[in-house]
2 protein chains.
Amino acid sequence: MRQEKQPRTEDLVITDILSALGDPVRFAIVKHLYENKCQLNCTQAVTPFANIAKSTLSGHFRVLRESGLISVRKQGVENINSVRVDDINSRFPNLLNSILSNDYSIT
Amino acid sequence: MRQEKQPRTEDLVITDILSALGDPVRFAIVKHLYENKCQLNCTQAVTPFANIAKSTLSGHFRVLRESGLISVRKQGVENINSVRVDDINSRFPNLLNSILSNDYSIT
DNA sequence: ACTAATAGTTCGTAATTACCGAACTATTGA
DNA sequence: TCAATAGTTCGGTAATTACGAACTATTAGT
């Protein structure tokens with residue numbers, strides 16, 4: 001796997017995060033990961049968007065990693081993704097909560 | 001001027017707003033309008049990005065209007081822009097504040 | 001060890017989007 | 001009426017995105 005550039009906490013950029021969350025598919029992924037506070041692989045995380053090509057999905061997860069929203073841990077064949085809640089909260093207090101802790105319709 | 005589709009409050013879409021704010025130029029525009037609580041025309045609002053073509057700027061303002069972030073009022077030759085603070089707060093409580101009320105560097 | 005299955009990434013191409021300069025409309029003021 | 005200011009629209013090109021196909025890597029079955 002190519003070395004991903006996951007930004008350090010102090011290098012998080014607000015517009016990168018907002019841009020990453022500005023796509024409905026990525027928004028749904030992050031919301032799902034955030035609400036369920038669990039760590040899911042790429043396929044499970046995107047259940048509401050089942051008909052998306054996996055190459056496209058791979059790209060979405062790359063954007064999320066590079067924006068700093070999620071981190072990945074390799075476990076066997078699968079990538080275990082989780083939202084970098086503490087990192088983002090420490091740099092942008094209350095941002096995640098105000099964006100994700102609601103039942104906005106996202107279509 | 002072509003009829004713009006500025007969404008009603010109840011039709012605001014979170015991903016459209018995040019996507020609009022995910023661009024550094026548009027972020028700076030909205031942040032400026034928000035902080036100064038004043039109504040500025042397009043040229044004034046984008047002082048930190050002076051070397052952008054005005055056609056590009058026009059496009060950025062169109063995105064902001066269509067996302068519902070700003071409203072426009074024609075006054076003489078100029079467009080007076082302002083952030084739709086009340087509308088957005090009523091639909092997405094605390095969103096604007098947590099995104100804009102900080103001194104994040106935005107490159 | 002060999003094979004198949006699962007999970008992701010990478011690559012090439014087509015489609016979509018973004019940026020810029022130039023030309024245009026509209027309003028104001030001399 | 002003419003010039004200046006403020007924005008929009010258009011056309012071409014550059015950059016980005018989505019997809020399927022081919023690839024790598026790990027696990028499980030035999």
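Quick caveat, the model's predicted, so the values are computed rather than measured. The sequence lines fix the lettering, A, B, ..., with proteins before strands; numbering per chain opens at 1. Keep in mind that the numbers below use all heavy atoms, side chains included, and drop hydrogens, waters and symmetry copies.
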- [ ] Taking all heavy atoms of A:F92 and all of A:V13, pick out the closest pair and write down the distance.
- [x] CZ-C, 4.2 Å

TODO: Find which nucleotide of DNA chain D each of B:G59 and A:G76 is nearest to by heavy atoms, and output the residue with the more 5' nucleotide.
DONE: B:G59

Open item on the list: Rounding to an integer number of Å, can you tell me how far A:N79 CG sits from C:dA7 P?
Closed with: 11 Å

Task: A:K31 side, atom NZ; A:L96 side, atom CG - distance, nearest 0.5 Å - done: 11.5 Å

Open item on the list: Between P on C:dT28 and CD on B:Q75, what's the gap in Å once rounded to a whole number?
Closed with: 10 Å

- [ ] Indicate whether any N or O donor in one side chain lies under 3.5 Å from an N or O acceptor in the other, for B:S67 and B:D16.
- [x] no

Dump every N/O contact between nucleotides 15-21 of chain C and the protein below 3.5 Å, one line per pair.
unit_1: C:dC20; atom_1: OP2; unit_2: B:T56; atom_2: OG1; d: 2.7
unit_1: C:dG21; atom_1: N7; unit_2: B:S55; atom_2: OG; d: 3.2
unit_1: C:dG21; atom_1: O6; unit_2: B:S55; atom_2: OG; d: 3.0

- [ ] Check each of A:I29, A:I17, A:L12, A:N81 against A:L69 using the side chain to side chain contact (heavy atoms under 4.5 Å, CB included) test, and report the only one that passes.
- [x] A:I17

Task: B:S58 side chain, from C-beta outward: closest of C:dT9, D:dT5, D:dT8 - done: D:dT8

TODO: Could you tell me the separation between the NZ atom of B:K74 and the P atom of C:dA26, rounded to a whole number of Å?
DONE: 10 Å

Task: Spacing between B:I80 atom CD1 and D:dA6 atom P, to the nearest angstrom - done: 11 Å

Task: Spatial distance of atom CZ (A:R62) from atom CG (A:L57) [nearest 0.5 Å] - done: 12.5 Å

TODO: Check A:A20 against A:R26 and note the closest heavy-atom contact, atom names and distance.
DONE: O-NE, 2.8 Å

- [ ] Take atom CD of B:E78 and atom C1' of C:dT27, then tell me their distance rounded to the nearest Å.
- [x] 11 Å

Task: A:K54 side chain, from C-beta outward: closest of C:dA7, C:dA26, D:dG7 - done: C:dA7

TODO: For the residue pair A:S98 and B:N94, confirm or rule out a side-chain donor-acceptor distance under 3.5 Å.
DONE: no

Open item on the list: Can you tell me how far apart CD1 (A:I70) and CG (A:D87) are? Round to the nearest 0.5 Å.
Closed with: 13.0 Å

TODO: Determine, stepwise, if the pair B:E35 / B:L100 fulfils side chain to side chain contact (heavy atoms under 4.5 Å, CB included).
DONE: CA-CA 8 Å; B:E35 286 177 346; B:L100 297 173; over 6 Å; no

Task: Rounded distance in Å - CZ (A:R73) to C1' (D:dT26) - done: 16 Å

Task: End-to-end axis angle, where each axis spans five pairs of the helix from C:dA1-D:dT30 to C:dA30-D:dT1, to 10° - done: 20°

